[in-house]
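Naming: A, B, ... by sequence-line order, numbering from 1 per chain.
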There are 2 protein chains.
Amino acid sequence: MSTLANAPYHHGNLRQALLEAALIILDREGEAGLGLRDLARAVGVSAAAPYRHFDSRAALLEALAVTGFQRFAATMEAVAATNPVDPMSAMGKTYVFFALENANLFRLMFSPQLKKEGRPGLKMAADAAFETLRHIVGGDIRAGRIKALAAWAKVHGLAILLLDGQIAVRAGEDTEALIAEIIGSL
Amino acid sequence: MSTLANAPYHHGNLRQALLEAALIILDREGEAGLGLRDLARAVGVSAAAPYRHFDSRAALLEALAVTGFQRFAATMEAVAATNPVDPMSAMGKTYVFFALENANLFRLMFSPQLKKEGRPGLKMAADAAFETLRHIVGGDIRAGRIKALAAWAKVHGLAILLLDGQIAVRAGEDTEALIAEIIGSL
DNA sequence: ACCTGAACACCGTTCAAGT
DNA sequence: ACCTGAACACCGTTCAAGT
């Protein structure tokens with residue numbers, strides 16, 4: 001614990017401080033609410049300072065999305081490691097829970113705008129995460145490509161629709177139970 | 001056909017002209033590329049002029065999304081009217097095709113940012129469109145809520161993943177056939 | 001090596017003023 | 001009634017200058 005709350009940033013690891021603050025702002029406000037100037041203000045630094053560590057706003061967003069894919073892959077591996085009876089369904093539920101618990105980060109990970117920027121780090125992180133998924137699933141079930149894609153579509157769609165509030169969860173209804181029912185057995 | 005290409009706007013239906021130009025820009029550039037000032041320039045009018053017809057940029061986007069939901073509902077009704085042998089699958093395919101053919105409009109229709117604005121017109125248009133869907137499906141198959149939600153999730157997820165280029169369509173592979181395979185029989 | 005201050009070229013939005 | 005011109009409070013980004 002340092003003596004002054006904002007002292008460490010001025011000469012310490014500004015990059016890390018920016019990423020941590022950005023993750024919090026992203027979580028609360030969404031991507032559109034995450035301005036570079038706001039971020040600099042939040043961290044107590046000049047508007048130009050972030051440019052020492054990130055080429056552009058897109059580069060900062062990319063870094064966030066990359067950590068998102070890493071967390072995502074780690075979460076999926078953790079479930080697989082528990083050797084669930086129905087691995088596909090367990091992973092499907094985890095996929096949806098991850099999306100709900102990291103709503104704005106999940107959206108950023110799949111943001112078409114960011115993808116259009118063509119940043120290589122994002123594609124690499126996404127590919128690595130899905131490679132991990134394929135590895136886990138492939139070792140267990142020889143589902144075939146079509147079945148795998150169908151399962152992915154179902155799970156991803158459920159995540160997005162819940163995230164966007166399109167699927168109305170009824171009063172007194174358990175979201176977790178609803179997800180389990182919809183996923184059924186993949 | 002008027003004598004001068006940009007003459008009608010100066011005293012005609014600017015609102016309509018803005019919407020038409022906006023739809024084209026949205027289609028090409030995506031929501032982020034659709035600036036009010038750009039739009040005004042494209043239509044040959046001052047930067048302040050659009051405010052006579054739309055409260056804000058969000059109001060303009062809402063109007064676009066609303067026409068998107070209307071087109072969507074009309075498209076779905078058109079398929080249902082052909083009395084396909086497997087109505088659910090036929091509608092599922094149409095849902096995905098609509099998303100692919102109207103990529104940026106579809107994204108705008110489900111934009112969380114726009115939804116967060118809480119504009120009532122958007123919710124009404126979306127509700128009306130899904131009510132139409134429910135009506136078509138409900139009359140045909142008494143699927144039950146869970147099955148209906150599962151089908152929706154699968155179709156919506158497939159649309160989003162294809163739109164975002166996450167599902168790799170292989171060289172020489174027919175996208176249409178791949179969609180049909182993944183949807184299978186709903 | 002890392003950060004600041006001031007500037008540049010933009011935004012969305014408002015408002016008095018024009019026709 | 002509808003549109004313009006000029007302004008306001010912002011952005012992201014750059015760059016010389018400071019330490």
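- The separation between A:L39 atom CG and C:dC3 atom C1' is 15 Å, rounded to whole Å.
- Taking the six-membered ring where tryptophan is involved, the planes of A:F98 and A:F72 are perpendicular, since the angle between them exceeds 60° and thus also 30°.
- In this structure, B:D55 and B:D38 both approach DNA chain C, and ranking their closest nucleotides by distance from the 5' end singles out B:D38.
- Proximity of B:R71 to B:N102: side-chain heavy atoms (C-beta onward) are separated by under 4.5 Å at one or more points.
- Counting to the nearest Å, the P atom of D:dA1 and the CZ atom of B:R15 are 18 Å from each other.
- B:L19 has its side chain out of reach of B:T67: every pair of non-hydrogen atoms, C-beta onward, lies at least 4.5 Å apart.
- Classified by interplanar angle (parallel below 30°, tilted 30° to 60°, perpendicular above 60°), the ring pair A:F106/A:H156 is tilted.
- Minimum atom distance to the side chain of A:Y51 is reached by D:dT13, of the listed D:dT13, C:dG12, C:dC15.
- With the nearest nucleotide of DNA chain D identified for both A:L34 and A:R52, A:L34 has the one nearer the 5' end.
- Closest to the A:S46 side chain, of the nucleotides D:dT4, C:dC3, D:dT14, is C:dC3.
- The B:H53 side chain lies nearest to D:dC3 when the options are D:dT14, C:dT13, D:dC3.
- Picking from D:dC3, C:dA7, C:dT13 the nucleotide with the shortest atom distance to the side chain of B:L36 gives C:dT13.
- The nucleotide whose nearest atom lies closest to any side-chain atom of A:R37 is, among D:dT4, D:dG12, D:dC15, D:dG12.
- Atom pair A:Q16:CD and C:dC2:P shows a separation of 15 Å (rounding to whole Å applied).
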Pairing of DNA chain C as dot-bracket, 5' to 3': ( ) intra-strand, [ ] crossing, | other strand, . unpaired, with Watson-Crick or G-U pairs under 3.5 Å?
||.|||||...|||||.||
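- Looking at A:R107 and A:D164, a side-chain N of the basic residue comes within less than 4.0 Å of a carboxylate O on the acidic one, giving a salt bridge.
- The phosphate of C:dC11 has OP1 or OP2 within less than 4.0 Å of a side-chain N or O from B:R41.
- Side-chain proximity of B:A48 to C:dT14, D:dC3, C:dC3: nearest is C:dT14.
- Between B:F69 and B:F110, the two ring planes are perpendicular [angle over 60°; tilted spans 30° to 60°].
- Atom pair A:L18:CG and D:dG12:C1' shows a separation of 15 Å (rounding to whole Å applied).
- D:dC3 atom P lies 12 Å from atom CZ of B:F54, rounded to whole Å.
- Distance from the side chain of A:R57 is smallest to D:dT13 among C:dT4, C:dT14, D:dT13.
- Looking at B:E29 and A:K116, no side-chain N of the basic residue comes within less than 4.0 Å of a carboxylate O on the acidic one, giving no salt bridge.
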